[in-house]
Amino acid sequence: MPMSSPSGVRRPFVVMAKPAGSACNMRCTYCYYLHNPASTPGGVMSPETLESLIRSTIAASPGPVVSFVWHGGEPMLAGLDFYREAVRLQKQMLPDGWECWNNLQTNGLALDEDWCRFLSAEHFDVGVSLDGTAPVHDAFRPDAAGHATYDRIAANIRLLQSHGIQPDLLCTVNAQTAESGRSVYSTLRDLGTGWIQFIPVVIRNPDGTLAPPSVSPRAYGEFLKDVFAQWFYHDLDKAEVQLFSETARMLSGGEASLCWLRETCGDAPVVEKDGSVYACDHFVRAEYRRGSLLDTPFEMLINSPRQLSFGQQKKEGLTRACRACPWLSLCHGGCPKDRFALSPDGEPGQYALCEGLKMYFDYAVPRLRRAMALSAQGTDRSGVMHLLIQEERKQFQGVSRNDPCPCGSGKKFKQCCQKRVP
């Protein structure tokens, strides 16, 4: 689907549809959407609105792939028949040679054999939210009755796999998750789906500070470094971690596919169950409503001056500290929803987790560059891992636990890089 930039060049984007609005069968403590006043309670997207969504999306698309992400709340609450009808309409309306890419983002609680057969037959990609280990997950992600959900969701992930679906695993990084980076990562890895996303929890207090259970900037950085070391030295050939893959892509000269890492944004508009179109999943508020696809062509809404300005502001609203940062080309100032901190020189609008991202880039980028150099020389992945492990161990050879860490952090070795040495 086309979306015009200020230069007039079209760029692709994805429709994020919320057929059940904010309704959910879980009560995650950090949920930002359950009580969103813009998402009216009760009900499901009507057949008329669903038909308008699919028709207008296809009509505005340059093809040959038209992308839909089904989101929520919990999108499965719309019911299986809703998605059967959605797929029927897509097939009916698609021009010859075109296809629809459907992605279901779910908590996984309601999956069963019928759902899995449908999702497999219709080639849906599936993302399932799971916060690593059972103790961490169940502390924050109970069902609507307050009961633990980890075991049920883990079983449903295995059910998806039995139907040939390897779901993306979406794990939040909150104050508690961050304390258990290696165990959280290894538990997700061992589910064997092959793809993991880590999503930081950032909740803002009225005074601009971080509210529980948000992850702190330093804890986020330590978490990413711990997970990166475990993945980099042991699992390069076993799993993909979204942030690490995105970093490697950008270091290779490519553009990030992850919206919050891109220079501009606004290319993932939300369609609520009543047909209202909003700027972004994190900006479903009255002031960011672009109109309704029931009475305005979708392309006009997503190409409106307000929406284009919204996307461009991510680039234009950078602080002085961001503009001078050596890592700007990799993070582009972070997600606009989280730009509420003060920069080191006191300017408002700094990404709240900036310090943690810098810690990650400082640690990961030199190692990724080295791995890429070895690959460019023709070394296969197992050989790359072997050489990297040797080099890392050599770097810390002879350093005792109580020595200053060679990385220059000012901490003792045992309190810093020792746990990351393979």
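In this text, all values refer to a predicted model and were calculated from it rather than measured experimentally. Numbers for residues simply follow the sequence, beginning at 1.
In terms of the side chain to side chain donor-acceptor pair (under 3.5 Å) criterion, residue partners of S276 (sequence neighbours excluded) are, by chain and number, D274, R289. For D190, there are no side chain to side chain donor-acceptor pair (under 3.5 Å) partners two or more places apart in sequence or in a different chain. H282 pairs by the ring pair (Phe, Tyr, Trp, His ring centres under 6.0 Å) definition with Y32, not counting sequence neighbours. With sequence neighbours excluded, no residue satisfies side chain to side chain donor-acceptor pair (under 3.5 Å) with E179. With sequence neighbours excluded, no residue forms a side chain to side chain donor-acceptor pair (under 3.5 Å) with D151. Partners of Y83 under the ring pair (Phe, Tyr, Trp, His ring centres under 6.0 Å) rule, at least two apart in sequence or in another chain, are W70, W115. With sequence neighbours excluded, the residues that form a ring pair (Phe, Tyr, Trp, His ring centres under 6.0 Å) with H137 are Y150. Partners of F310 by ring pair (Phe, Tyr, Trp, His ring centres under 6.0 Å), not counting sequence neighbours, listed by chain and number: F283, Y288. For T209, the side-chain contact (heavy atoms from CB on, under 4.5 Å) criterion is met by N205, D207, not counting sequence neighbours.
Contact check for L328 versus L318: side-chain heavy atoms found under the 4.5 Å cut-off. When side chains are defined from C-beta on, P19 counts as touching F82, because their heavy atoms get closer than 4.5 Å. Looking only at side-chain heavy atoms (C-beta outward), F232 and L368 come within less than 4.5 Å of each other. Residues K412 and R401 have side chains not in contact (no heavy-atom distance under 4.5 Å, counting atoms from C-beta outward). Residues F68 and C100 are in side-chain contact: their nearest non-hydrogen atoms beyond the backbone lie under 4.5 Å apart. Residues D226 and K419 have side chains in contact (heavy-atom distance under 4.5 Å, counting atoms from C-beta outward). When side chains are defined from C-beta on, C280 does not count as touching K337, because their heavy atoms never get closer than 4.5 Å.
Heavy-atom neighbours of K414 NZ from other residues, nucleotides or ligands within 6.0 Å: above the threshold of 12.
The distance from atom CG of L130 to atom CD1 of I153, rounded to the nearest 0.5 Å, is 6.0 Å. A distance of 13.0 Å separates CZ in R323 from SG in C325, rounded to the nearest 0.5 Å. Here the straight-line distance linking atom CD of E122 with atom CD of Q90 works out to 9.0 Å at 0.5 Å rounding. Here the CG-CZ distance, from D235 to F228, works out to 12.0 Å after rounding to the nearest 0.5 Å.
R420 and E222 are joined by a salt bridge, as a carboxylate oxygen and a charged side-chain nitrogen come within less than 4.0 angstrom of each other. Ion pairing between K394 and E391 fails under the 4.0 Å rule for side-chain N and carboxylate O.
Pairs of residues two or more places apart, or lying in two chains, that qualify as salt bridge (charged side-chain N to carboxylate O under 4.0 Å, His left out) and include a residue from residues 132-146 are D143-R152. Pairs engaging residues 164-188 under the ring pair (Phe, Tyr, Trp, His ring centres under 6.0 Å) rule: none recorded [sequence neighbours left out].
In this structure, a donor-acceptor pair under 3.5 Å is absent between the side chains of N25 and E74. For the residue pair Q176/D131, the side-chain donor-acceptor check at 3.5 Å is not satisfied.
Relative to the ring axis of Y33, K18 places its NZ or CZ within 45° and under 6.0 Å from the centre.
Checking side-chain atoms of E263 against main-chain N and O of K315 turns up no donor-acceptor pair under 3.5 Å. At least one donor-acceptor pair under 3.5 Å links the side chain of K314 to the backbone N or O of H332.
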Which donor-acceptor pairs under 3.5 Å do the side chains of residues 157-167 make with protein atoms, sequence neighbours left out?
| unit_1 | atom_1 | unit_2 | atom_2 | d |
| --- | --- | --- | --- | --- |
| Q161 | NE2 | Q166 | OE1 | 2.9 |
| Q161 | NE2 | L191 | O | 2.9 |
| S162 | OG | L159 | O | 2.6 |
| H163 | NE2 | E113 | OE1 | 2.7 |

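Taking the six-membered ring where the residue is Trp, W231 and F244 present tilted rings, their angle falling between 30° and 60°.
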Worksheet item: Under the side-chain hydrogen bond (donor to acceptor under 3.5 Å, both in side chains) criterion, do E240 and S245 qualify, and how do the steps go?
Response: CA-CA 7 Å; E240 295 287 344; S245 295; 2.6 Å; yes
Task: salt bridge (Lys or Arg N to Asp or Glu O under 4.0 Å) assessment of K358 paired with E355 - done: CA-CA 5 Å; K358 285 182 176 179; E355 180 185 8; over 6 Å; no
